[in-house]
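Working notes for the structure below.
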Amino acid sequence: MIERLKKWFAKPLSNTGEALDPDNIPTHVAIIMDGNGRWAKSRGLPRMAGHHSGMKTVKRITMAADRLGVKYLTLYAFSTENWKRPKAEVDFLMKLPQEFLSIELDDLMRNNVQVRMMGYKENLPDYTLEAVEEAIRKTANNTGLVLNFALNYGSRKEMIDAVRCIGNEVKQGRLDPDHIAERHMESFLLSTGLPDPDLLIRTSGELRISNFMLWQLAYSELWFTDVYWPEFQDEHFYEAIREYQRRARRYGGL
Ligand code: IPE
Ligand code: IPE
Ligand code: MG
């Protein structure tokens with residue numbers, strides 16, 4: 001197995017001919033999957049066709065991440081602000097988890113992938129939540145890649161809720177305000193238990209964070225591409241990791 005992996009890594013992974021360093025694969029990759037609508041529009045298709053096609057990219061990149069040895073892959077699928085979109089689009093997006101999992105869950109199981117969700121369950125339609133919860137339940141004992149869907153996720157709400165929980169701890173006399181530390185905040189964030197992302201990828205050329213993991217991205221490496229999510233290929237993913245491997249992470253030190 002190790003031999004096979006070594007051979008695989010030694011293969012040139014893009015036209016630069018440069019191989020990835022198997023000892024420096026980011027543990028946690030987070031992706032803002034953006035550009036589905038524009039991809040569709042550029043082809044004269046309805047926006048929904050872009051979302052549908054983006055679903056295939058989710059599977060492709062999950063498998064690529066798994067092969068590389070990434071441990072956690074967090075995918076921003078729906079933000080707390082995406083409810084502002086027309087109802088027809090929101091309805092369509094809410095049906096995608098069910099469709100995705102009905103097609104892919106068996107294969108995710110075979111690949112030992114553990115599905116998780118990071119976001120607010122409230123407001124999600126029953127069929128969306130049930131599909132996701134079934135996947136979480138079925139894959140709970142899998143020990144491979146953690147595939148974490150950020151669904152109805154928003155970081156400002158996440159942080160306000162965490163501050164509220166901390167306030168409550170203080171009020172109950174369980175926490176001294178002078179002792180509030182990062183670990184308290186982290187224990188109440190939706191990402192609790194996950195390491196911070198090492199690498200954030202955003203597709204579609206937008207250079208912003210859009211309320212995604214504001215606390216957790218403090219020292220993540222950021223990588224942007226103009227490529228729309230539906231056309232994001234394994235090669236683009238490798239390119240992001242190759243660039244990550246060229247970076248010097250200093251965390252404020254030297
Ligand atoms: C990303 O694609 C998917 C979601 C936000 C749900 P968009 O739907 O934002 O596509 P663009 O940005 O309008 O092209
Ligand atoms: C961010 O994309 C949310 C997801 C990818 C789920 P948006 O398309 O909603 O972000 P903005 O509106 O361009 O900032
Ligand atoms: Mg967008």
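Read the numbers this way: they start at 1 and go in the same order the structure lists the ligands and their atoms. Scope of the values below: all heavy atoms of this structure, side chains included, with no hydrogens, waters or symmetry mates. On a predicted model such as this, the values are computed, not experimentally measured, just so you know.
At a heavy-atom distance under 4.0 Å, only side-chain atoms of Arg47, from C-beta outward, approach ligand 1. Proximity of Phe212 to ligand 2, defined as any heavy-atom pair under 4.0 Å, is not found for any part of the residue.
At least one heavy atom of Ala77 sits closer than 4.0 Å to an atom of ligand 1. Within the 4.0 Å heavy-atom shell around ligand 1 one finds Gly35.
Tyr120 pairs with exactly one of Asp161, Thr80, Asn152 by the side chain to side chain donor-acceptor pair (under 3.5 Å) rule, that one being Asp161. Checked against Pro97 for a side chain to side chain contact (heavy atoms under 4.5 Å, CB included), the options Thr128, Leu129, Leu124 give a single hit: Thr128.
Other residues, nucleotides and ligands place no more than 12 heavy atoms under 6.0 Å from the CZ atom of Arg156. Surrounding CZ of Arg249 are more than 12 heavy atoms belonging to other residues, nucleotides or ligands, all under 6.0 Å away. When the shell of 6.0 Å around CG of Asn141 is examined, it contains 12 or fewer heavy atoms from other residues, nucleotides or ligands. Around NZ of Lys71, the count of heavy atoms belonging to other residues, nucleotides or ligands within 6.0 Å does not exceed 12.
The shortest N/O to N/O separation between Tyr76 and ligand 2 does not fall below 3.5 Å. Taking any N or O of Asp34, backbone or side chain, at least one lies under 3.5 Å from an N or O belonging to ligand 2. An N or O contact shorter than 3.5 Å links Gly37 to ligand 1 by distance. Looking at Glu206 next to ligand 2, no N or O pair under 3.5 Å apart turns up.
Aromatic ring pairs are classed by plane angle as parallel below 30°, tilted from 30° to 60° and perpendicular above 60°; the pair Phe237 and Phe232 is perpendicular. Ring pair Phe78/Trp83 is perpendicular by interplanar angle, where above 60° counts as perpendicular and below 30° as parallel. Aromatic ring pairs are classed by plane angle as parallel below 30°, tilted from 30° to 60° and perpendicular above 60°; the pair Tyr219 and Tyr251 is tilted.
Of the candidates Lys84, Arg202, Glu81, the one placing a heavy atom closest to atom 2 (O) of ligand 2 is Arg202. With distances taken over non-hydrogen atoms, the option nearest atom 7 (P) of ligand 2 out of Arg85, Arg38, Arg208 is Arg85.
Nearest protein neighbour of atom 5 (C) of ligand 2, counting heavy atoms only, is Met33 O, 3.3 Å. In terms of protein heavy atoms, atom 14 (O) of ligand 2 is closest to Ser210 OG, 2.6 Å. In this structure, atom 9 (O) of ligand 2 lies nearest to the protein heavy atom Asn82 ND2, 2.9 Å.
Contact atoms of ligand 2 toward Phe78: 6 (C) (distance under 4.0 Å to a heavy atom of the residue). The ligand atoms of ligand 1 that sit less than 4.0 angstrom from a heavy atom of Asn36 are 1 (C), 2 (O), 3 (C), 7 (P), 10 (O), 14 (O).
Among pairs with a residue in residues 204-217, those fulfilling salt bridge (charged side-chain N to carboxylate O under 4.0 Å, His left out) read Arg38-Glu206, Glu206-Arg208, at least two apart in sequence or across chains.
One finds the CZ atom of Phe149 at 10.0 Å from the OG1 atom of Thr74 (value rounded to the nearest 0.5 Å). Distance check, rounded to the nearest 0.5 Å: CG of Asn112 to CD of Gln114 gives 9.0 Å.
Side chain to side chain, Trp223 and Glu239 fail the donor-acceptor criterion of an N or O pair below 3.5 Å.
Around the Mg ion (ligand 3), protein N, O or S atoms at a distance under 2.8 Å total 1; waters are neither shown nor counted.
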